[in-house]
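Input: a single structure, listed below in structure tokens.
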Amino acid sequence: MAVYKSSSSLPSHGNIRPSLVASEATPQKWTTLEQTSDLSKPRQIILNGHCFEDEFSMEYEQKLKDVRELLKSEELENQIESLMLVDAIQRLGIDYHFQEEIEAVLRRHYMEATTCSDGYFYYTLHDLSLLFRLLREHGFSIPADIFNRFKGKDGVFEGKLKQDIRGLMELYEAAQLVIEGEDILDEAAKFSGEIVSNRLKHPYHKSIARFTAKKYIRDSEGINGWRKTLKELAKMNTSVAQTANQQELAKISKWWKDLGLAQEFKQARNQPLKWYTWSMASLTDPSMSEQRLELTKSITFIYIIDDIFDLYGTPEELTVFTRAVHMWDHAVVHMLPKPWKMCYKALLDTTNDIGYKIYKKHGYNPIDSLKSTWASLCDAFLVEAKWFASGHLPTSNEYLENGKVSSGVHVVLVHLFFLLGINRKTEGAVQVHDISDLISSVATILRLWDDFGSAKDEQQDGNDGSYIDCYMKENPGSTIEIARDRVVNMISSEWKGLNKECFLLNQNSSNFSFTKASLNLARMVPLMYSYDDNQQLPVLEEFIKSTLFDE
């Protein structure tokens with residue numbers, strides 16, 4: 001989330017370099033969109049039983065009941081069609097309504113496949129690939145070598161499979177859940193990708209379901225009798241989610257305006273719509289309104305503190321600010337320059353309030369862990385500030401290790417871990433330190449995408465430092481193409497690590513909401529950092545329009 005700056009972008013003596021600042025005449029992007037001026041609809045839909053209009057509510061609840069009964073239907077029991085139903089529910093982004101039923105369907109398939117000799121033998125390429133993907137997504141142990149049966153005596157995938165486009169598409173999707181060391185899935189991705197990658201530019205596993213659901217509805221129209229019910233439910237669910245999200249965005253916009261930091265730090269980013277979008281995309285269940293709101297507040301401070309370090313302070317002043325964050329005490333506010341006092345006080349008040357809300361809901365106060373994330377974030381920002389104030393370019397490894405922390409991902413995921421009550425749900429079996437490798441993978445994906453060469457924030461022009469810069473300085477013979485290929489391979493490797501950590505955590509179904517949110521965070525990265533030649537984010541704009549406003 002943080003944007004990394006080069007020495008040319010670090011102001012001296014607290015002054016703002018004009019080249020870094022958007023023109024006064026240019027409005028800040030991502031404050032709001034025109035559509036947000038009216039965030040209410042004639043049909044008021046409020047979650048948690050408060051205010052559904054009767055007719056809509058009755059129809060909505062009946063559709064949910066119909067799908068639950070369908071998932072339990074004996075006609076679908078242990079049939080491939082039940083897997084297709086589960087897949088469709090997930091692709092439409094409505095799976096959070098049916099977690100218990102989905103778990104039961106998949107457990108039946110898992111038991112049948114693992115208790116019979118040659119349990120996987122009778123599946124087609126499509127069906128086995130679908131089974132593999134769904135089971136692995138939900139933490140069931142299924143070996144990658146089950147795909148060996150589709151290889152010939154020469155040890156490569158049989159050529160005749162190239163005629164099975166439907167099977168290859170599902171094989172390509174399954175291969176996205178590869179874990180380090182599973183060479184057969186790397187081979188499967190390469191083999192199937194040569195045929196279908198153009199059709200699957202955005203594999204399901206690396207996509208936001210709410211963004212791709214409309215296309216899926218169009219493509220799947222007319223297949224299976226239950227598609228109509230799912231399609232109708234998905235449209236109703238979109239209305240519920242949109243109304244919840246619009247109301248939340250209005251609350252966040254008011255909270256941000258009342259905070260007053262936009263007036264104090266006029267050159268900093270003023271982008272509540274973008275900040276909220278991270279939370280909206282990560283936590284898709286409409287009932288998680290409180291978690292989205294609190295998470296957005298934390299994300300806001302990541303951006304604002306990043307801008308303070310980039311635009312407002314000398315290394316000496318930033319050292320004082322970092323020390324104050326470590327102390328976490330209102331009494332030390334006098335140490336700070338006047339505008340920073342407001343930010344510091346707001347950070348402490350907001351984070352302490354989040355900790356108290358978690359305590360009231362889940363019975364423990366995680367404030368020590370939350371404070372620690374902010375201290376380490378400021379430490380990382382300070383390291384960057386000192387590097388570039390001195391003109392020092394670190395090694396690529398030094399840069400990346402620090403950059404993973406300065407990305408802010410650990411702040412987001414630690415807050416999210418406690419907001420979702422994972423400790424309580426697992427009775428302490430999963431602790432916050434158990435998610436450190438998952439955090440590292442998501443952070444690395446974000447940092448490398450940010451540095452890939454296209455990530456230049458609309459409001460902050462200038463020469464960004466990057467992993468590629470550091471790598472090419474270390475390796476003078478390298479071309480930009482070599483460096484970029486290395487980054488692509490590193491991102492691919494981190495996805496394997498993320499897959500592994502999610503699989504391990506998903507073996508306890510209580511963690512599923514957290515791993516799903518973490519995956520969604522990684523899935524949002526390309527949308528957040530795919531700038532075009534005009535320093536705009538057309539894909540992100542399309543996502544927001546589609547998610548928040550399109551019917």
Side-chain angles (χ1 to χ4, degrees), residues 1 96 99 103 106 135-142 177-182 205 278-279 282-285 288 291 294-295 298-299 302 351 354-355 357-359 361-377 379-380 400-447 491 493-525:
M1 276 139 236
Y96 48 81
Q99 285 305 316
E103 180 83 7
L106 296 180
L135 289 181
R136 178 160 285 192
E137 282 173 351
H138 287 263
F140 291 94
S141 295
I142 181 168
L177 282 93
V178 60
I179 291 172
E180 194 67 51
E182 293 182 324
H205 183 59
W278 281 110
S279 300
S282 297
L283 296 167
T284 56
D285 186 339
M288 291 183 176
Q291 291 91 335
E294 301 308 322
L295 194 64
S298 298
I299 291 169
I302 295 172
T351 307
I354 291 172
K357 287 176 179 176
I358 293 169
Y359 171 74
K361 186 168 186 176
H362 300 300
Y364 54 83
N365 190 341
I367 191 62
D368 288 341
S369 293
L370 304 186
K371 290 190 299 186
S372 177
T373 66
W374 290 111
S376 60
L377 179 68
D379 286 342
L400 187 57
E401 285 304 307
N402 192 74
K404 287 191 290 186
V405 182
S406 69
S407 72
V409 167
H410 72 296
V411 176
V412 174
L413 290 182
V414 170
H415 280 68
L416 184 59
F417 178 87
F418 290 112
L419 283 166
L420 293 175
I422 300 300
N423 270 26
R424 181 180 65 82
K425 291 177 182 177
T426 62
E427 298 182 345
V430 177
Q431 302 292 329
V432 70
H433 60 76
D434 295 320
I435 64 171
S436 58
D437 288 341
L438 180 147
I439 290 172
S440 178
S441 290
V442 178
T444 304
I445 290 167
L446 189 150
R447 172 55 62 215
I491 292 173
S493 178
E494 290 302 328
W495 265 103
K496 291 180 181 180
L498 179 56
N499 288 340
K500 177 183 177 182
E501 293 306 313
C502 287
F503 168 73
L504 293 173
L505 285 170
N506 281 344
Q507 290 177 324
N508 183 330
S509 59
S510 298
N511 300 324
F512 196 71
S513 60
F514 176 76
T515 57
K516 182 179 178 182
S518 301
L519 284 167
N520 281 338
L521 199 68
R523 291 162 177 157
M524 272 301 294
V525 167

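In this chain, numbering begins with 1 at the start of the sequence shown. These figures come from a predicted structure and were not determined experimentally.
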TODO: Please work out which of the three classes, parallel, tilted or perpendicular, describes the rings of H415 and W374, given edges at 30° and 60°.
DONE: perpendicular
TODO: Indicate the atoms forming the closest heavy-atom contact of N499 with H205, along with that distance.
DONE: OD1-NE2, 2.7 Å
TODO: Check the pair E294, S279 against side chain to side chain contact (heavy atoms under 4.5 Å, CB included), reporting the backbone distance first and the verdict last.
DONE: CA-CA 9 Å; E294 301 308 322; S279 300; over 6 Å; no
- [ ] Just jot down the ring-ring contact (aromatic ring centres under 6.0 Å, His included) partners of H410, sequence neighbours excluded, or say none.
- [x] none
Task: CA sep, side-chain torsions, deciding dist, call: R136, E182, salt bridge (Lys or Arg N to Asp or Glu O under 4.0 Å) - done: CA-CA 13 Å; R136 178 160 285 192; E182 293 182 324; 2.7 Å; yes
Open item on the list: So, taking the atom named CD in Q99 and the one named CG in D285, what distance separates them when rounded to the nearest 0.5 Å?
Closed with: 9.5 Å
- [ ] Check the pair V414 / L370 against side chain to side chain contact (heavy atoms under 4.5 Å, CB included), numbers first and verdict last.
- [x] CA-CA 7 Å; V414 170; L370 304 186; 4.2 Å; yes
Task: Shortest non-hydrogen contact between I302 and G408, atoms and distance - done: CD1-O, 3.5 Å
Open item on the list: Rounded to the nearest 0.5 Å, what separates atom CG in L438 from atom CG in N511?
Closed with: 10.5 Å
Task: K500, NZ: over 12 other non-hydrogen atoms inside 6.0 angstrom - done: no
Task: Heavy-atom donor-acceptor pair, S440 side chain to S436 backbone, under 3.5 Å - done: no
TODO: With the side chain counted from C-beta on, respond yes when M288 and Y96 share a heavy-atom pair under 4.5 Å apart, and no when they do not.
DONE: no
Task: Pairwise distance CD1(I439) to CG(L413) - rounded to 0.5 angstrom - done: 5.5 Å
TODO: Report the distance from atom CZ of F418 to atom NZ of K361, rounding to the nearest 0.5 Å.
DONE: 15.0 Å
Task: Note, T444 side chain near W495 side chain (heavy atom, < 4.5 Å) - done: no
TODO: Identify the two heavy atoms, one from N520 and one from S282, that lie closest to each other, and give their separation to 0.1 Å.
DONE: ND2-O, 3.3 Å
Task: Minimal non-hydrogen separation, I422 against F514, with atom names - done: CD1-CB, 3.8 Å
TODO: Evaluate the side-chain proximity of V430 to F417: yes if any heavy-atom separation is below 4.5 Å, no if none is.
DONE: yes
TODO: Tell me, with the steps shown, if I445 and V409 meet side chain to side chain contact (heavy atoms under 4.5 Å, CB included).
DONE: CA-CA 10 Å; I445 290 167; V409 167; over 6 Å; no
Task: From CD (E180) to CD (E494), nearest 0.5 Å - done: 9.5 Å
- [ ] Kindly check if the number of other-residue, nucleotide or ligand heavy atoms within 6.0 Å of OH (Y364) is above 12?
- [x] yes
Task: H138 side-chain N/O to N506 backbone N/O, donor-acceptor pair under 3.5 Å - done: no
Task: Non-hydrogen atoms of S406 and R447 that approach each other most closely - done: OG-NH2, 3.1 Å
- [ ] Report yes if the side chains of K357 and I354 come closer than 4.5 Å at any heavy-atom pair, otherwise no.
- [x] no
Open item on the list: Could you report the tightest heavy-atom contact between L420 and S513, atom names first, then the distance?
Closed with: CD1-OG, 3.9 Å
Task: Point-to-point distance, once rounded to the nearest 0.5 Å, from CG of L498 to CZ of F503 - done: 14.0 Å
Open item on the list: Does any part of the side chain of L416, heavy atoms only, come nearer than 4.5 Å to the side chain of L283, both counted from C-beta?
Closed with: yes
